[in-house]
Amino acid sequence: QLPATTVVGETMELQHSSCKLFFPEDPVKIVRAKGQYIYDEHGREYLDCINNVSHVGHCHPDVVKAAHEQNQLLNTNSRYLHDNLVDYAKRLSKTLPEKLCTFYFLNSGSEANDLALRLARQYTKHEDVIVLDHAYHGHLTSLIDISPYKFRNLEGQKEWVHVAPLPDTYRGIYREDHKDSVLAYANEVKKIIDQAQKKGRKIAAFFIESLPSVGGQIIPPEGYFQMIAEHVHKAGGVFVADEIQVGFGRVGKCFWAFQLQGEDFVPDIVTMGKPMGNGHPIACVATTKEIAEAFADTGVEYFNTFGGNPVSCAIGLAVLDVIEKEHLQAHATQVGNFLMELLNQQKVKHPIIGDVRGVGLFIGVDLIKDQEKRTPATKEAEYLITRFKREYILLSTDGPGRNVLKFKPPLCFTMDNAKLVVDKMDEILTDMEREKTCELVGNHH
């Protein structure tokens, strides 16, 4: 979150209390970055394990060059014809299922999800939305309303919003020992639809982050999306896949995380943002012709001042070029598998690690207080993050219990980086276990 700045007379307060910095006790001031490394004002190098926005690496020269060259020629709105816009839409369409052939360009993931909500409502003529528990879809008023992660601490749940359980097979209501957790979780959504319809309510959309991030780096079981889509379509609603955190090849074997569910699955709307411009604000909504036409039928045009401007599109194209040229998808799979393997070795060694889950370079390490109850080890996770920072490694936590270490580094993250992080983790966890043993012995005496 970016700090708000308050100016009072001659003094300037950088951080307003409503905004938060990483490591508020000892914040890091960053002056430059390159690849997977960032540098503070003293020239100290930090390894960045969390910046999924700098997708192909901080300040990638090809992306910087594309921005600079287009900036020298023209930057204007999309009411004029320009090749960049068409070329970019064409390139994106090649990565998606054929029926997702209409593209709206915007500036942020929040704008994209807000438009997806409008498209869904206009197309279905329904109002209600189903989301997963702990979901986060953006910071606009409309999206706070469909983000349990936020609204639970604000005005609460609106009557048009319905919350389904997170398909988390590690600490959710149906776990790895359940005979068919996919069906059980999908039935929960069916129940919600049935209950809503009994009250005379109508479902416009089901929104899901293709891999729920704030929920704790969750990997939904395969086949879940297909079952949900069937129930949602039957109710007259549309399926929205939010790829804002996890799209563009982060998962390695697929370009989009929804594709992990199988080739037969096609969402009705896909939203994208964060990694799309490698740090430049650009976002997009991809949808079907039918949905787009229903939106056009309102007679009210959709116009976005900066959306699809030539500079943003030049940057977007450069990012796609780099992903291809540097084989970053294959790299994400290779490094991600290696990192998972190392983390699983640590899981055997350290009982605090309850679960290691992930795909490509989207990985979560679930820290627990005890194996039986799987109680979130919140304090320990926070301590670990602080210790990592002392070692010049930037990691952070997520999940409802703030106990899941999240890895979503720039895709240029290497095997050596992975090994360094896990070696340090081993050292820190060993220290923590030693300190705990000393405490216990001290208390015993």
Next item on the list: Please test V356 against Q346 for side chain to side chain contact (heavy atoms under 4.5 Å, CB included), starting from the C-alpha separation and ending with a verdict.
Entry: CA-CA 10 Å; V356 174; Q346 292 300 309; over 6 Å; no

Margin query: Go through it in stages, so that I can follow the logic: the residues are F413 and F407, the test is ring pair (Phe, Tyr, Trp, His ring centres under 6.0 Å), and I'd like the CA-CA distance, side-chain angles, deciding distance and then a yes or no.
Written below: CA-CA 11 Å; F413 198 78; F407 288 87; 7.3 Å; no

Next item on the list: Quick one: pull up CD1 in I428 and CD in E433 and give me the separation to the nearest 0.5 Å.
Entry: 12.0 Å

Note to self: Any heavy-atom pair between the side chains of V161 and D128 that's under 4.5 Å?
What the structure shows: no

Check: Donor-acceptor pair, H55 side chain versus G279 backbone, under 3.5 Å?
Finding: no

Next item on the list: Give, for atom CG of L317 and atom NZ of K90, the distance between the pair rounded to the nearest 0.5 Å.
Entry: 11.5 Å

Notebook entry, point to check: Is the backbone N or O of I363 less than 3.5 Å from a side-chain atom of R357, with the two atoms forming a donor-acceptor pair by type?
Noted result: no

Note to self: Could you tell me if the side chain of T288 sits less than 4.5 Å from the side chain of C101, heavy atoms only?
What the structure shows: no

Next item on the list: Answer yes or no for R32 and Y39: cation-pi contact, defined as NZ/CZ to six-membered ring centre under 6.0 Å and angle to ring axis within 45°.
Entry: yes

Check: Can you list the steps and then say if K65 with D62 is a salt bridge (Lys or Arg N to Asp or Glu O under 4.0 Å)?
Finding: CA-CA 5 Å; K65 183 171 178 250; D62 294 14; over 6 Å; no

Notebook entry, point to check: Looking at A164 and I192, what are the two nearest heavy atoms and their distance?
Noted result: CA-CD1, 3.5 Å

Checklist line | Under 3.5 Å donor-acceptor, Q329 side chain and G252 backbone | finding: yes

Next item on the list: Identify the two heavy atoms, one from D426 and one from T430, that lie closest to each other, and give their separation to 0.1 Å.
Entry: O-OG1, 2.6 Å

Next item on the list: Taking E111 for its side chain and N107 for its backbone only, find out whether a donor-acceptor pair lies under 3.5 Å.
Entry: yes

Next item on the list: Take K347 and L343 through the side chain to side chain contact (heavy atoms under 4.5 Å, CB included) test and state the conclusion after the steps.
Entry: CA-CA 6 Å; K347 180 174 174 252; L343 289 166; over 6 Å; no

Next item on the list: List the atom of L132, the atom of P148, and the distance in Å for their closest heavy-atom pair.
Entry: O-CG, 3.5 Å

Note to self: Looking at Q261 and F225, would you say the former's side chain and the latter's main chain have a donor-acceptor pair under 3.5 Å?
What the structure shows: yes

Item checked: Aromatic centroids of H134 and Y149 separated by under 6.0 Å -> no

Next item on the list: Calculate, to the nearest 0.5 Å, the distance between atoms CG and OG1 belonging to D242 and T271 respectively.
Entry: 4.0 Å

Check: Ignoring hydrogens and geometry, is there a side-chain-to-backbone donor-acceptor pair from N278 to G57 under 3.5 Å?
Finding: yes

Notebook entry, point to check: V131 and I208: side chain to side chain contact (heavy atoms under 4.5 Å, CB included), yes or no, with the steps?
Noted result: CA-CA 6 Å; V131 290; I208 184 170; over 6 Å; no

Next item on the list: Please work out whether the ring planes of F239 and F265 are parallel, tilted or perpendicular, with thresholds of 30° and 60°.
Entry: perpendicular

Checklist line | K389 NZ/CZ over F23 ring centroid, <6.0 Å and within 45° of normal | finding: yes

Next item on the list: Begin with the C-alpha distance, continue with both residues' side-chain angles, and end with the deciding distance and a verdict on side chain to side chain donor-acceptor pair (under 3.5 Å) for N417 and Y37.
Entry: CA-CA 10 Å; N417 295 151; Y37 302 102; 3.0 Å; yes

Checklist line | D366, T397, D398, T378 screened by side-chain hydrogen bond (donor to acceptor under 3.5 Å, both in side chains) with N403, the one that passes | finding: D366

Next item on the list: Salt-bridge test for K419 and D423: reply yes if a basic N is under 4.0 Å from a carboxylate O, no otherwise.
Entry: yes

Margin query: Here's one to test your reading of the geometry: is the NZ or CZ of R374 within 45 degrees of the ring axis of Y170 and under 6.0 Å from its centre?
Written below: yes

Note to self: How long is the straight-line distance from CZ of F248 back to CG of L411, given to the nearest 0.5 Å?
What the structure shows: 11.5 Å

Checklist line | T169 and H178, any side-chain heavy atoms less than 4.5 Å apart | finding: no

Check: Going through the distances and angles, do V251 and L260 end up as a side chain to side chain contact (heavy atoms under 4.5 Å, CB included)?
Finding: CA-CA 8 Å; V251 299; L260 293 167; 4.0 Å; yes

Next item on the list: Tell me, with the steps shown, if N309 and S312 meet side chain to side chain donor-acceptor pair (under 3.5 Å).
Entry: CA-CA 5 Å; N309 71 70; S312 291; 2.9 Å; yes

Next item on the list: Report yes or no: is the cationic atom of K158 (NZ for Lys, CZ for Arg) under 6.0 Å from the centre of the six-membered ring of F151, at an angle within 45° of the ring normal?
Entry: no

Next item on the list: Taking R171 for its side chain and D168 for its backbone only, find out whether a donor-acceptor pair lies under 3.5 Å.
Entry: no

Next item on the list: Please check if the side chain of N84 supplies one atom and the backbone of P310 the other of a donor-acceptor pair under 3.5 Å.
Entry: yes

Next item on the list: Would you check if Q226 and E230 make a side-chain contact, meaning some heavy-atom pair closer than 4.5 Å?
Entry: no

Next item on the list: State the NZ-CG distance between K406 and L395, to the nearest 0.5 angstrom.
Entry: 10.0 Å

Notebook entry, point to check: Is it true that a side-chain atom of T386 and a backbone atom of E382 form a donor plus acceptor pair closer than 3.5 Å?
Noted result: yes

Next item on the list: Assign the ring pair F258 / W256 to parallel, tilted or perpendicular, where the plane angle (0 to 90°) is split at 30° and 60°.
Entry: parallel

Next item on the list: Verify, without hydrogens or angle tests, whether Q334 (side chain) and F338 (backbone) share a donor-acceptor contact under 3.5 angstrom.
Entry: no

